[in-house]
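Step one of this worksheet: look at the structure below.
Ligands are counted one by one from 1 in listed order, and the atoms in each one are counted from 1 as well. Reckoned from all heavy atoms, side chains included, excluding hydrogens, waters and symmetry mates.
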Amino acid sequence: MRGFFISVEGSDGSGKSTQIKKIEEYLKSRNQEILLTREPGGTLISEKIRELLLDPTNKEMTAKTEMLLYAGARTQHLEEFILPNLQQGRSILSDRFTDSSIAYQGFGRGLGDMVAEVNYIATGGISPDITFFLDLSPEAGIARKKAEVDHTMDRLELEKQEFHQRVYDGYKALCNLHEQRICRIDASQSVDAVFAEIKESLDRLFGF
Ligand code: TYD
């Protein structure tokens with residue numbers, strides 16, 4: 001049987017990494033073979049593209065270049081890692097996927113529908129079986145990030161408040177568009193309360 005493809009999305013500082021670890025632990029405790037991965041990244045080539053994308057010194061990068069690099073990293077990740085593993089029955093847990101490009105490049109950078117078109121080419125229309133969107137206002141998210149000890153802000157995090165607000169509006173639009181796939185969770189709740197909601201959906205998906 002093919003594995004399940006799960007993605008987790010959220011604005012910067014929404015507690016994504018913590019929840020991803022909890023999902024991984026939970027599914028392993030249920031004897032599921034689950035592979036953790038991330039975007040941009042997940043393969044050698046995609047991780048190299050990630051370095052270019054997040055490097056704060058790459059100030060000249062245009063919005064379109066940024067969109068294409070994210071899409072390129074995604075194609076490689078999908079073809080080299082995600083699809084072969086799903087076909088062999090392993091489940092994939094990805095920190096971000098195409099929704100991030102729609103929110104950050106489509107809404108944040110203002111590239112609009114072009115982003116969905118390019119990503120259709122990049123993914124052949126493949127999307128996760130379920131996506132958890134950790135919903136936290138951009139102000140709260142950025143405040144959490146800045147409070148982290150030793151956290152250096154990457155190129156995207158350094159963007160202005162308005163950019164993060166547009167990204168957030170993008171996620172809201174995606175939630176309305178894909179009600180079946182995207183599970184929106186109030187990320188201002190405690191870690192345990194957020195995970196309890198995630199667990200309920202996972203139990204339904206895996207049939208536990
Ligand atoms: P990362 O350090 O993984 O941030 P986070 O912990 O918030 O996930 O960096 C990924 C950054 O890239 C993040 O700011 C979101 C951005 N991004 C896009 O703009 N478009 C995309 O398609 C993806 C996958 C990420």
Side-chain angles (χ1 to χ4, degrees), residues 5-23 36-43 45-56 58 61-78 81-82 92-123 126-128 131-171 173-174 182 187:
F5 181 16
I6 304 163
S7 67
V8 184
E9 296 281 347
S11 311
D12 299 310
S14 60
K16 224 166 17 77
S17 317
T18 307
Q19 294 298 330
I20 285 171
K21 273 192 222 113
K22 289 181 82 74
I23 295 171
L36 188 56
T37 187
R38 68 172 179 185
E39 291 214 339
T43 67
I45 292 169
S46 311
E47 290 288 335
K48 286 185 182 171
I49 300 175
R50 178 188 175 92
E51 279 175 33
L52 282 174
L53 279 163
L54 300 187
D55 184 348
N58 282 339
M61 192 183 291
T62 72
K64 252 194 227 176
T65 303
E66 183 181 288
M67 169 191 67
L68 290 166
L69 286 174
Y70 276 113
R74 179 161 301 126
T75 306
Q76 188 66 34
H77 187 208
L78 192 69
F81 184 77
I82 298 177
I92 298 286
L93 174 57
S94 186
D95 183 343
R96 301 187 180 279
F97 198 64
T98 304
D99 296 317
S100 283
S101 283
I102 308 283
Y104 283 80
Q105 282 66 55
F107 283 75
R109 299 287 187 221
L111 291 177
D113 293 343
M114 184 199 295
V115 181
E117 288 164 25
V118 163
N119 274 276
Y120 190 82
I121 297 170
T123 63
I126 288 168
S127 66
T131 298
F132 295 106
F133 169 55
L134 303 182
D135 184 352
L136 188 71
S137 75
E139 303 81 37
I142 289 292
R144 275 195 195 172
K145 276 266 166 177
K146 282 187 178 155
E148 277 174 27
V149 190
D150 289 341
H151 181 73
T152 41
M153 306 281 273
D154 68 40
R155 201 174 56 84
L156 277 291
E157 285 167 359
L158 286 167
E159 280 294 332
K160 302 187 287 296
Q161 184 69 35
E162 299 90 83
F163 174 81
H164 292 288
Q165 184 59 48
R166 290 197 298 276
V167 170
Y168 185 62
D169 294 342
Y171 275 123
L174 281 165
I182 305 181

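- A pairwise comparison of heavy atoms in Phe107 and Ala173 identifies CZ-CB, 3.8 Å as the closest pair.
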Exercise answer, ligand 1 polar atom pairs (N/O) under 3.5 angstrom:
residue	atom	partner	partner atom	Å
ligand 1	2 (O)	Arg50	NH2	3.2
ligand 1	3 (O)	Arg50	NH2	3.1
ligand 1	7 (O)	Asp12	OD1	2.8
ligand 1	7 (O)	Arg96	NH2	2.9
ligand 1	8 (O)	Lys16	NZ	2.7
ligand 1	8 (O)	Arg96	NE	2.7
ligand 1	8 (O)	Arg96	NH2	3.2
ligand 1	12 (O)	Tyr70	OH	2.9
ligand 1	14 (O)	Asp12	OD1	3.3
ligand 1	17 (N)	Tyr70	OH	3.3
ligand 1	19 (O)	Tyr70	OH	3.4
ligand 1	19 (O)	Gln105	NE2	2.9
ligand 1	20 (N)	Gln105	OE1	2.8
ligand 1	22 (O)	Arg74	NH2	2.9
ligand 1	22 (O)	Ser101	N	3.2
ligand 1	22 (O)	Ser101	OG	2.5

Return a table of donor-acceptor pairs under 3.5 angstrom between the side chains of residues 109-118 and protein atoms on other chains or two or more places apart.
residue	atom	partner	partner atom	Å
Arg109	NE	Glu66	OE1	3.2
Arg109	NE	Glu66	OE2	3.0
Arg109	NH1	Glu159	OE2	3.0
Arg109	NH2	Glu66	OE1	2.9

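- Rounding to the nearest 0.5 Å gives a distance of 11.0 Å between CD of Gln105 and OG1 of Thr98.
- Residues Thr131 and Ser7 have side chains that bring a donor and an acceptor to within less than 3.5 angstrom of each other.
- Glu47 and Arg38 are joined by a salt bridge, as a carboxylate oxygen and a charged side-chain nitrogen come within less than 4.0 angstrom of each other.
- Checked by atom type and distance alone, the side chain of Thr62 pairs as donor or acceptor with a backbone atom of Thr65 at under 3.5 Å.
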